[in-house]
Amino acid sequence: MSHKTNNMSEKLKEEIAKELGVYDEVKKPGGWSNVSSKTCGKMVQVAIEIANRSVER
């Protein structure tokens with residue numbers, strides 16, 4: 001059985017999607033399932049970079 005957790009806020013996901021140019025895909029029917037796994041991986045990388053920058057401050 002698969003258990004998914006969502007630790008990234010919806011607002012942050014939307015901000016990163018806009019930054020990566022895929023926000024229009026998210027707003028289409030199907031939502032986040034329209035975004036490729038490669039792009040989702042990139043979103044995680046960006047989120048980690050943002051977290052690291054906030055820790056460094």
(message) The criterion is side chain to side chain donor-acceptor pair (under 3.5 Å); which residues satisfy it with Ser36, sequence neighbours excluded?
(response)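 Thr39.
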(request) Could I get the full list of side chain to side chain donor-acceptor pair (under 3.5 Å) partners for Lys18, not counting sequence neighbours? (result)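 Per chain and number, Lys18 pairs via side chain to side chain donor-acceptor pair (under 3.5 Å) with no residue.
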(request) Start with the C-alpha distance between Arg53 and Ile50, add both sets of side-chain angles, then the distance that settles side-chain contact (heavy atoms from CB on, under 4.5 Å), and finish with yes or no. (result) CA-CA 5 Å; Arg53 285 193 301 258; Ile50 290 170; 3.2 Å; yes
(request) Kindly compute the distance separating CD1 (Ile16) from NZ (Lys11), expressed to the nearest 0.5 Å. (result) 12.0 Å
(message) To the closest 0.5 Å, what do you measure between CE (Met8) and CD (Glu14)?
(response) 12.0 Å
(request) Run through the side-chain heavy atoms of Ile, Leu, Val, Met, Phe, Trp and Tyr, join any pair under 4.5 Å, and report what else lands in Val55's cluster. (result) none
(request) For atom CG of Asp24, decide whether the heavy atoms of other residues, nucleotides or ligands shown that lie under 6.0 angstrom number more than 12. (result)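 Incorrect, the count does not exceed 12.
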(message) Applying salt bridge (Lys or Arg N to Asp or Glu O under 4.0 Å) as the test, list every pair that has at least one member in residues 28-39; sequence neighbours left out.
(response)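 Output for this query lists Glu25-Lys28.
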(message) Which residues pass the side chain to side chain contact (heavy atoms under 4.5 Å, CB included) test with Val26, not counting sequence neighbours?
(response)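 Checked Val26 against side chain to side chain contact (heavy atoms under 4.5 Å, CB included); matches are Ala17, Trp32, Val35.
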